[in-house]
Amino acid sequence: MLSKSSAKLFFLVGTGLCVGTFLLLTIDTIRRVPEQTNQQNLSESAIRGKHLWETNNCMGCHTILGEGAYYAPELTKVYERRGPKFIAAMLKDPYAMYPGQRKMVRYDFSDSDIQDLTAFMKWIGEMDLNGFPPKPNIGQIATIEGVGAGTGVAQTIDRPIAFNQMCIVCHKLRGQGGDVGPALDGVGSRLDRDYIVRWLHDPQAVKPGTLMPKLPLSEEEIVELSAFLSQLKEDAK
Ligand code: HEC
Ligand code: HEC
């Protein structure tokens, strides 16, 4: 048993040590903030984007850095996940990008507002958040699966980044992705490359009224995507 005075000492020293440690850790965390947030990259545009983020109540539906509402996807890493083109298309016309699903507000953003919001997303996405938010590494899965695992079928072209950022929102490939459009396994047996090229340029022109939107793809991306898709043959599943 401790005597009364040594219990008191024990309490005071223990409390002192804990408070001291807490203060040191707090100071250390605050000291790291500029570096972990890449403060030097905080452009005028990203600051305007943050303002738009706050004044348009995006947090009424989304979380960012874990804060906000849980109706819509977490957006901390959306820049990496979807890329700038998808984000821009989404902010211009959310219904086209997620047809028939839960609703996101269609704002009347100008192109420069959209640029600012995208710059803000990019800045947020590049912060060092000690691993938050945890996520499945789609890129990695894609590369492993992209080689036609053990089927002996020559599937030589890896999934283009544009595919992982934009197409899997609506299409499944090897069981992963959305189901707004048909799964794209074996699509190379159904459609030839020229058709896919025309389709990607403008789905509405090929099939008026289709739910697939015209995506902001560059010529290079269309070449890459059509080469990738036309090699996905039925027996390669
Ligand atoms: C009324 C709720 C609501 C508000 C407000 C809202 N969103 Fe959304 N947002 C959604 C929903 C829902 C989705 C997912 C679409 C779906 O599943 O149908 C989404 C998707 C997105 C995506 C694509 C995410 C992904 O992973 O594909 C981005 C980017 C986005 N929102 C940005 C914003 C920004 C920026 C604002 C504010 C200017 C905002 N949203 C305000 C509901 C909302
Ligand atoms: C917003 C949802 C959406 C996105 C994003 C999307 N698609 Fe589609 N896609 C569809 C829908 C819906 C169809 C079915 C169209 C129809 O038959 O009217 C379709 C059809 C297709 C087809 C024809 C498939 C077949 O078997 O006939 C191809 C090929 C295709 N998409 C490729 C892509 C590629 C490549 C991307 C990414 C650059 C992409 N899609 C992004 C919704 C989407």
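Counting convention: from 1, in listed order, for ligands and their atoms alike. For the numbers below, each heavy atom of this structure counts, side chains included, while hydrogens, waters and symmetry mates do not.
Of the protein's non-hydrogen atoms, C61 SG, 2.6 Å is the one closest to atom 3 (C) of ligand 1. Among all protein heavy atoms, the one lying closest to atom 36 (C) of ligand 1 is C58 SG, 2.8 Å. Scanning all protein heavy atoms for the shortest distance to atom 27 (O) of ligand 2 gives L191 CD1, 3.9 Å. Remark: minimum distance from atom 22 (C) of ligand 2 to any protein heavy atom is reached at W199 NE1, 3.2 Å. In this structure, the protein non-hydrogen atom closest to atom 14 (C) of ligand 1 is P73 CD, 3.6 Å. Nearest to atom 5 (C) of ligand 1 among the protein's heavy atoms is Y107 OH, 3.3 Å. In terms of protein heavy-atom proximity, atom 17 (O) of ligand 1 is nearest to R102 NH2, 3.0 Å.
When non-hydrogen atoms are compared, ligand 2 lies under 4.0 Å from neither the backbone nor the side chain of I196. Within the 4.0 Å heavy-atom criterion, the part of K207 lying near ligand 2 is the side chain and not the backbone. Neither the backbone nor the side chain of P203 has a heavy atom within less than 4.0 Å of ligand 2. At a 4.0 Å heavy-atom cut-off, ligand 2 does not touch V169 at all.
The atoms of ligand 2 that sit less than 4.0 Å from any heavy atom of M97 are 1 (C).
Considering both main-chain and side-chain atoms, N56 never comes within under 3.5 Å of ligand 1 through any nitrogen or oxygen pair. Considering backbone and side-chain N/O of R81, one or more are found under 3.5 Å from N/O of ligand 1. Between H62 and ligand 1, a contact under 3.5 Å exists for at least one N or O pair. An N or O contact shorter than 3.5 Å links Y98 to ligand 1 by distance.
Remark: the S218 side chain and the E220 side chain contain no N/O donor-acceptor pair separated by less than 3.5 Å.
Look at A162 and you'll find every heavy atom at least 4.0 Å from all atoms of ligand 2. Using a 4.0 Å cutoff on heavy atoms, G209 does not count as a contact of ligand 2.
The closest non-hydrogen atom to atom 2 (C) of ligand 2, taken over A89, C170, P208, C167, comes from C170.
Between SD of M212 and NE2 of H171, the angle at atom 8 (Fe) of ligand 2 works out to 180°, rounded to 10 degrees.
By the 6.0 Å and 45° rule, K92 does not stack over the aromatic ring of F109.
Using a 30° and 60° split on the angle between ring planes, Y98 and F86 fall in the perpendicular class, above 60°.
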